Novice: 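Can you keep this structure in mind? I'll have questions shortly.
The structure presented is a predicted model; accordingly, all values stated were derived computationally and were not measured. So that the names make sense, note that chain A is the first sequence line, chain B the second, and so on, each numbered from 1.
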There are 2 protein chains.
Amino acid sequence: MRYHKIADETIRRLPIYLRGLLSLSEQNQANISSKDMADILGVNPWQIRKDFSYFGVFGTAGVGYNIKKLIKQIKKILKLDVVHKAALVGAGNLGLAILAYPDFGIYGFDIAAAFDTNPKKIGRKVKNITIEDVSNLSTLKKRKINLAIIAVSWDKAQQTADALVKAGIKGILNFSPCYIRVPKKVKVITIDIATDLARLPYYMPAS
Amino acid sequence: MRYHKIADETIRRLPIYLRGLLSLSEQNQANISSKDMADILGVNPWQIRKDFSYFGVFGTAGVGYNIKKLIKQIKKILKLDVVHKAALVGAGNLGLAILAYPDFGIYGFDIAAAFDTNPKKIGRKVKNITIEDVSNLSTLKKRKINLAIIAVSWDKAQQTADALVKAGIKGILNFSPCYIRVPKKVKVITIDIATDLARLPYYMPAS
DNA sequence: TCTCAATAGAGTTCACATTCACAAAGTATT
DNA sequence: AATACTTTGTGAATGTGAACTCTATTGAGA
């Protein structure tokens with residue numbers, strides 16, 4: 001019996017809506033209709049309305065939705081109304097690219113620490129972050145960091161995750177191409193770039 | 001009335017299965033049961049069997065599935081039984097990380113060209129690939145490249161896609177955080193790292 | 001004030017996906 | 001050969017999400 005639970009697929013779409021809304025807000029637009037928003041984001045208007053109806057946002061017929069109000073509402077649901085500090089583990093090619101990625105900020109994320117095992121990298125400073133030895137992971141709890149990004153090679157992913165869980169991390173974004181075992185209370189989202197690419201040929205017309 | 005079409009969700013899982021199977025194959029294992037495979041990949045055994053049943057792979061009761069046969073079958077369905085040449089557009093942080101990413105090869109992808117607009121980067125050689133000016137995109141058709149990875153900033157993503165479509169590209173893996181308009185015959189898969197991270201706090205227990 | 005166009009929100013139906021349960025088919029053991 | 005065990009394949013039940021329709025509400029303009 002679920003009471004106020006929002007569908008997972010809706011939750012998956014909310015950050016996309018949020019990104020579009022933030023962009024419109026910067027352009028000082030006040031309202032938007034589900035139809036216009038659908039055009040911008042490439043989805044269906046009724047999908048948007050249905051998603052919003054889950055959490056009782058009321059738009060105005062004939063006008064649309066108030067953008068500022070909507071942003072506030074979505075942020076609250078996604079728990080993005082507070083700043084989340086995140087730790088990056090693995091400062092290789094991918095790790096450094098993530099560190100330089102500009103878009104985490106708009107959702108209220110702050111990558112506050114970075115770790116690696118390579119002595120040559122430890123101590124280096126990238127974007128105001130000093131790369132630390134992974135043995136320092138245990139300090140995360142004290143530093144109020146409860147979110148981590150794993151960008152290490154697949155053979156070290158599980159042990160990294162174990163260390164993170166021990167350090168009190170509650171959510172992991174995993175870029176390693178493997179399944180990671182964690183306690184139920186910890187949420188893992190895995191992004192496997194290669195598997196997404198591997199789906200493409202199936203959908204491509206025969207050349 | 002669909003005859004042999006495989007469910008999209010199944011297609012999404014096939015590359016994951018394939019990765020696990022390739023790994024097992026390297027260890028010279030001959031057979032595997034759906035249960036053991038489920039343990040490794042973190043999914044349900046009946047899900048695996050159901051997925052396989054769609055394309056009529058027959059395992060052996062009491063033994064499991066023949067790994068080599070299964071690999072061949074999955075590769076064929078995903079059209080990964082031939083090498084696909086891919087082009088990378090955008091040699092920034094993310095682009096270079098993708099270029100260095102080792103796992104595309106196992107699925108039979110070959111990143112055969114890289115492009116950028118920055119004169120300082122053009123001509124540089126990375127991993128045997130010489131970075132070219134984007135004006136060269138039009139040569140892709142001649143070079144038999146029909147697959148591209150977009151890793152440019154969001155404000156140049158649409159124009160990049162337009163150029164790629166004009167150059168005969170049939171499939172695009174898009175890392176830019178925006179919706180891209182393309183003709184129906186072209187397939188786009190978008191990976192938006194930040195939106196995935198943005199889902200995490202919702203699922204994390206209150207600290 | 002009345003009418004009309006635009007648009008939200010709720011309800012319905014349909015399509016797809018997951019889960020489950022079990023018979024059938026194979027292997028191993030005694 | 002008989003029995004116990006393992007594992008597949010699949011039909012049915014259940015759950016979930018998408019697509020579409022319809023009605024009510026609002027704003028604007030005659």
Novice: Answer yes or no: are there more than 12 heavy-atom neighbours, outside A:Asp155 itself, under 6.0 Å from its atom CG?
Specialist: yes

Novice: Hey, does the side chain of B:Tyr65 come within less than 4.0 Å of D:dG9's phosphate (OP1/OP2), counting only N and O?
Specialist: yes

Novice: Let me know which of B:Trp46, B:Tyr17, B:Phe58 forms a ring-ring contact (aromatic ring centres under 6.0 Å, His included) with B:Phe52.
Specialist: B:Tyr17

Novice: Does A:Arg49 have a side-chain nitrogen or oxygen under 4.0 Å from the phosphate oxygens OP1 or OP2 of D:dC20?
Specialist: no

Novice: Does OP1 or OP2 of C:dT19 have a side-chain N or O of B:Asn44 closer than 4.0 Å?
Specialist: yes

Novice: Establish, with yes or no, whether the OP1 or OP2 oxygen of D:dT26 is under 4.0 angstrom from a side-chain nitrogen or oxygen of A:Thr60.
Specialist: no

Novice: When you compare the side chains of A:Tyr179 and A:Asn174, does any donor N or O come within less than 3.5 Å of an acceptor on the partner?
Specialist: no

Novice: What's the closest nucleotide to the side chain of B:Ser33 if the choices are D:dG17, D:dT8, C:dA17?
Specialist: D:dT8

Novice: If you check the A:Arg13 side chain, which of C:dT18, D:dA18, C:dA10 turns out closest?
Specialist: D:dA18

Novice: On DNA chain C, compare the nucleotides closest to A:Gly59 and B:Trp46; which residue's is nearer the 5' end?
Specialist: A:Gly59

Novice: Looking at A:Phe104 versus A:Tyr107, is the centre-to-centre ring distance below 6.0 Å?
Specialist: no

Novice: Write down the distance between NZ (B:Lys35) and P (D:dT8), rounded to a whole number of angstrom.
Specialist: 11 Å

